[in-house]
Amino acid sequence: MPVVIVTDSSSRLPASLMSKYGILQVPLHVALDDGTEYLEGVDDIPTDVVSTPNVTTSGASLADLRSAYERALEISDGDGVVAVHMSRRLSGTWSAARLASDALDGEVRVVDSRSVGVSLGLTTMAAVQAAQAGGERDDVYEAAVRAGATAESLLCVQNLDNLRHSGRLSATGHILGSALSIKPILHMADGVLALRERHRTMTKAISKMVDTIVELADGEPVTVGVQHCQNPALASEVLDSVVSRLDDVPSTLTVDLGQVLGTHVGPGAVGVALAHGLDPITF
């Protein structure tokens, strides 16, 4: 059978895609200050945790990663496994994944997607498509690496408090973003979330984000992914705005960021990602 693909729950891939292509998903963790812990994609996590103080998140555990990889190796029946995970600079998931792979004699090739959220999801789909096309394990690995290196991802947030509290953005970024209620545009830069621009209103920030995404597409065919934290109406508007200005969009994907990523970016956040070279994604 084709090379089996594994990812983590920060990819936000819909269950329909994971089921259709046999993608295995390893859960991330959410912990409340009362000691309650949830596994994303496994447990029913309260939606209000994204606004709850003192919530912490953690990456996929070594035990869960190894268990998923062992299952994937069994399913692959010798054709190989490629694991595509969130940026190593955002989480310990990639490091744990390497340890899990080493424990299995390196039979699993682990990709640092240099991204998170829907951008990771699209990079994972690049690996899936390479596998479906008959690529061997190393070919699939290289396809995912190329997709991660060429992906573009922007995000508008209502404020930077959640990111500052979680340590995912520098203190300087918080000061610049919060001054005079300025709304920031963030982007993935070398595997980390960084401040790109500041605008005085969310409307202006969204408009500029759309303009920038169109510029980054540069007239080429691109798959568009939109992600949001409890803001589906705005996500739909952003998707329509982006697609209406691009010449060739093979397919689109809209996802909710869920509780783990939502805890870091806060309610209302909306982002757009571009992936080059993907075939149309069928659900």
Side-chain angles (χ1 to χ4, degrees), residues 7-18 23 25-31 38-52 55-60 84-87 89-91 93 113-125 151-169 177 183-188 191-194 196 202 205-206 209 213 223-239 242 252-275:
T7 188
D8 57 73
S9 63
S10 73
S11 70
R12 309 308 303 152
L13 287 174
S16 58
L17 279 180
M18 291 191 292
I23 304 167
Q25 177 178 275
V26 186
L28 305 182
H29 299 241
V30 178
Y38 299 97
L39 299 180
E40 187 174 50
V42 177
D43 300 324
D44 186 11
I45 308 175
T47 57
D48 62 357
V49 301
V50 301
S51 305
T52 303
V55 172
T56 59
T57 65
S58 57
V84 188
H85 292 296
M86 73 162 80
S87 171
R89 299 186 67 185
L90 292 177
S91 166
T93 297
S113 70
R114 301 164 59 88
S115 62
V116 72
V118 72
S119 186
L120 167 57
L122 295 178
T123 298
T124 301
M125 289 308 301
E152 303 284 356
S153 184
L154 301 178
L155 180 72
C156 291
V157 298
Q158 294 288 352
N159 62 68
L160 292 174
D161 287 342
N162 289 62
L163 284 163
R164 178 176 62 85
H165 291 153
S166 68
R168 293 308 191 273
L169 200 67
K183 303 302 180 184
I185 300 177
L186 309 174
H187 69 134
M188 293 299 301
V192 297
L193 199 58
R196 182 183 179 109
M202 190 68 168
I206 292 292
M209 178 177 70
I213 281 291
T223 298
V224 177
V226 174
Q227 56 193 356
H228 66 91
C229 180
Q230 302 176 359
N231 205 348
L234 182 55
S236 180
E237 292 177 12
V238 168
L239 178 62
V242 170
T252 65
L253 182 63
T254 301
V255 303
D256 188 293
L257 283 166
Q259 284 72 36
V260 171
L261 298 182
T263 296
H264 295 288
V265 302
V270 175
V272 185
L274 296 181

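Looking only at side-chain heavy atoms (C-beta outward), H264 and L257 stay at 4.5 Å or farther from each other. R12 is not listed as a side-chain neighbour of V118, based on a closest heavy-atom distance of 4.5 Å or more. Contact check for L186 versus R196: no side-chain heavy atoms found under the 4.5 Å cut-off. The side-chain heavy atoms of S9 and V42, taken from C-beta on, include no pair separated by under 4.5 Å.
Interatomic distance, CG of L155 versus CE of M209, reported as 7.5 Å (0.5 Å rounding). Taking OG of S115 as the reference point, atom CG of L193 lies at 11.5 Å (rounded to 0.5 Å). Here the straight-line distance linking atom CE of M18 with atom CD of Q25 works out to 4.0 Å at 0.5 Å rounding. Atoms CG and CE, on N231 and M202 in that order, are 7.0 Å from each other to the nearest 0.5 Å. Between the CZ atom of R114 and the CG atom of L120 there is a distance of 13.5 Å, given to the nearest 0.5 Å. Taken from CD in Q259 to CG in L28, the straight-line distance is 11.5 Å, to the nearest 0.5 Å.
The side-chain contact (heavy atoms from CB on, under 4.5 Å) check on P232 picks up H228, with sequence neighbours excluded. Applying the side-chain hydrogen bond (donor to acceptor under 3.5 Å, both in side chains) criterion to H187, with sequence neighbours excluded, gives no partner residue. Under the rule for a salt bridge (charged side-chain N to carboxylate O under 4.0 Å, His left out), E152 has no partner lying at least two apart in sequence or in another chain. Residues satisfying the side-chain contact (heavy atoms from CB on, under 4.5 Å) criterion with V192, sequence neighbours excluded, are R89. Contacts of S87 classified as side-chain hydrogen bond (donor to acceptor under 3.5 Å, both in side chains), with partners at least two apart in sequence or in another chain: none. Taking the side-chain contact (heavy atoms from CB on, under 4.5 Å) definition, one finds that A205 meets it with C156, K183, I185, H199, sequence neighbours left out.
A side-chain contact (heavy atoms from CB on, under 4.5 Å) with T252 is found for one member of T223, L239, V226 and no other, namely L239.
Using a distance-only test at 3.5 Å, with no hydrogens or angles considered, no donor-acceptor pair links the side chain of S236 to the main chain of A233. At least one donor-acceptor pair under 3.5 Å links the side chain of Q230 to the backbone N or O of T47. The main-chain N or O of H85 is found under 3.5 Å from a side-chain atom of S113 such that the two form a donor-acceptor pair. In this structure, T93 contributes its side chain and G59 its backbone to no donor-acceptor pair below 3.5 Å.
Across A151 and S119, no two heavy atoms sit closer than the pair CB-OG, 3.6 Å. Nearest heavy-atom pair, G258 versus V50, reported as atom, atom and distance to 0.1 Å: O-CG1, 4.1 Å. Across every non-hydrogen atom of D44 and Y38, the tightest pair is O-CE2, 3.8 Å. Closest heavy-atom contact between V265 and A269: CG2-CB, 3.7 Å. Nearest heavy-atom pair across S11 and T124 is CB-OG1, 4.4 Å. Heavy atoms only, all atoms of each residue included: M86 and D8 are closest at N-OD2, 3.1 Å.
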Report task. Would you check, one step at a time, whether the test side chain to side chain contact (heavy atoms under 4.5 Å, CB included) holds for V270 with Q227? Result -> CA-CA 6 Å; V270 175; Q227 56 193 356; over 6 Å; no
**Report entry** Stepwise side chain to side chain contact (heavy atoms under 4.5 Å, CB included) test for L253 and L13
**Finding:** CA-CA 9 Å; L253 182 63; L13 287 174; 4.2 Å; yes
